[in-house]
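Just so you know, these numbers come straight off a predicted model, no measurement behind them.
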Amino acid sequence: MKRMSTSGSESDSVAAKRSMKPKYSKFTQQELPAWKPLYTPGIVIGAFSLIGIIFIPIGLVSIAASQEVVELVDKYDGECVTANDKVGFIQDTKTDKACTRTITVPKPMKGPIQVYYQLENFYQNHRRYVKSRSDKQLRSKEFSSVIKTCDPEAISEGGAPIVPCGLIAWSLFNDTFTFSVNKKTVQVNKKNIAWSSDRTIKFGSDVFPENFQKGGLIGGGQLNEKLPLSEQEDLIVWMRTAALPTFRKLYGRIETDIMASDEITVVIQNNYNTYSFGGTKALVLSTTSWIGGKNNFIGFAYVAIGTISFLIALAFVGLNMVKPRTLGDPSYLSWNKENPDYVQ
């Protein structure tokens, strides 16, 4: 009998060790103290009123800041082509594609003035386009042959790997802009136009372009083979792909102020082929405010949400005045509503 009890206790302890039953705690047994707010009319009305009080001033301030931003947009893709065959014109390497545009400034523009190029109907978010790159190759020289995900721009005609490979780099925007204000040349600062994290982490200082744009079909801009990718900021900006088919990317900054009625003369080298897929191009000059560039949507969204919250609060006030309800009244319980003879 003793042997049986001993073996039985041993088997029970082994079974206990093998058991998947968790150790008792208030968390596993859902016995932690909980707090559930009571939504009284006063609390609900006060909450919606508070949202309106906070959101409407923020929206009005955002709209005012956006209105202070001066933005000039010049679509030049149509006017900068002199031939009927636009695709043939843009693909002809012997044709001079210089185009001069004049922009009159309506309001004073305080520097730094952001210079963007804007593309429409360009789907950088296409799945095949987004995947056609090699992040390892961009980061380090030792991964220069990692081109598995770069098709169809992975290997040059000689069989050597392309650096940087992939469709994104191959389609690099290559229009250029030269500015003068009242016939005085203005320099464009192209330093620090890319995110610092991209320059230091995503693009290596030991990675140099190799076999880039040397195939039969040239997609876009060339790269300086003597500069590492971490210093070629036009490429870095371009390779941060846009989520929407209409997007802007930073080209540079004009550090000087431009007064009202000044004339900006822009000499554009119209090289980038947007005509084959029905896209458009535009040059954008914009000042900035504390919320960034010109964007009325944020301000109107805040005002709209605040106004709706105020209207809801007023509706609840009216409802509470017309048809008040006593809190905790047991006559509103479902089983009491079914029993008309209920006596409190």
Side-chain angles (χ1 to χ4, degrees), residues 35-75 103-125 192-195 197 237 240-254 257-262 264 279-325 327:
W35 174 75
K36 186 176 181 180
L38 181 62
Y39 296 109
T40 63
I43 292 176
V44 173
I45 293 169
F48 279 109
S49 300
L50 182 63
I51 293 173
I53 292 171
I54 294 175
F55 275 46
I56 290 178
I58 293 176
L60 293 175
V61 172
S62 300
I63 292 173
S66 180
Q67 294 300 319
E68 293 178 359
V69 174
V70 181
E71 182 178 280
L72 306 176
V73 181
D74 179 42
K75 288 190 175 182
I103 305 172
T104 302
V105 181
K107 297 180 181 179
M109 302 181 72
K110 187 176 181 180
I113 300 168
Q114 313 296 318
V115 181
Y116 302 94
Y117 55 88
Q118 176 178 297
L119 298 180
E120 295 182 13
N121 200 36
F122 192 114
Y123 289 83
Q124 274 199 319
N125 59 352
N192 299 324
I193 61 174
W195 291 17
S197 59
V237 171
R240 180 166 283 278
T241 53
L244 300 174
T246 299
F247 58 87
R248 295 176 181 178
K249 290 184 182 290
L250 187 60
Y251 179 82
R253 299 182 183 91
I254 297 174
D257 298 342
I258 300 177
M259 298 296 103
S261 301
D262 284 352
I264 303 175
T280 63
K281 299 184 287 187
L283 171 67
V284 181
L285 302 177
S286 176
T287 59
T288 56
S289 65
W290 60 272
I291 61 170
K294 195 175 187 65
N295 188 352
N296 293 323
F297 174 78
I298 295 176
F300 285 122
Y302 270 102
V303 172
I305 294 173
T307 303
I308 292 172
S309 298
F310 258 134
L311 293 176
I312 293 174
L314 291 175
F316 278 129
V317 169
L319 184 63
N320 192 50
M321 291 177 65
V322 173
K323 197 174 181 180
R325 174 176 174 175
L327 294 177

Q: Please name the residue in the list L283, V237, I193, V115 that meets the side chain to side chain contact (heavy atoms under 4.5 Å, CB included) test with Y251.
A: V115

Q. How long is the gap from OG1 on T280 to CG on L119, to the nearest 0.5 Å?
A. 7.5 Å

Q. With side chains defined as the heavy atoms from C-beta onward, is the minimum distance between W290 and S62 less than 4.5 Å?
A. yes

Q. Which pair of heavy atoms, one from L250 and one from Q114, lies closest together, and at what distance?
A. CD1-OE1, 3.6 Å

Q.
Can you give me the closest heavy-atom contact between N121 and G279, atom names plus distance?
A. CB-CA, 4.1 Å

Q. How far does CD1 of I312 sit from CD1 of I45, to the nearest 0.5 angstrom?
A. 12.0 Å

Q) Would you find more than 12 non-hydrogen atoms of other residues, nucleotides or ligands less than 6.0 Å from Y302 atom OH? A) no

Q. What is the distance from atom CD1 of I258 to atom CD1 of I264, rounded to the nearest 0.5 Å?
A. 3.5 Å

Q) To the nearest 0.5 Å, what is the distance between CD1 (I308) and CD1 (I51)? A) 11.0 Å

Q. Going through the checks in order, is the side chain to side chain contact (heavy atoms under 4.5 Å, CB included) test met by N320 and F316?
A. CA-CA 6 Å; N320 192 50; F316 278 129; over 6 Å; no

Q: For K294 and S66, work out which heavy atoms get closest and say how close.
A: NZ-O, 3.4 Å

Q: Hey, could you give me the CZ/CD1 distance between F55 and I305, rounded to the nearest 0.5 Å?
A: 5.5 Å

Q) Would you say T287's side chain and M109's backbone share a donor-acceptor pair under 3.5 angstrom? A) no

Q: Check whether any side-chain heavy atom of L72 sits under 4.5 Å from a side-chain heavy atom of P106, and report yes or no.
A: yes

Q) Minimum heavy-atom separation for G52 to S309, with atom names? A) N-CB, 4.1 Å

Q. Hey, does N125 have a side-chain heavy atom less than 4.5 Å from the side chain of F247?
A. no

(Q) Within this structure, what is the NZ-OG distance for the pair K110 and S289, rounded to the nearest 0.5 Å? (A) 12.5 Å

(Q) Quick check: closest heavy atoms across K249 and Q124, and the distance to 0.1 Å? (A) CE-OE1, 3.3 Å

Q. Which pair of non-hydrogen atoms, one from G292 and one from V69, has the smallest distance, and what is that distance?
A. O-CG2, 4.0 Å

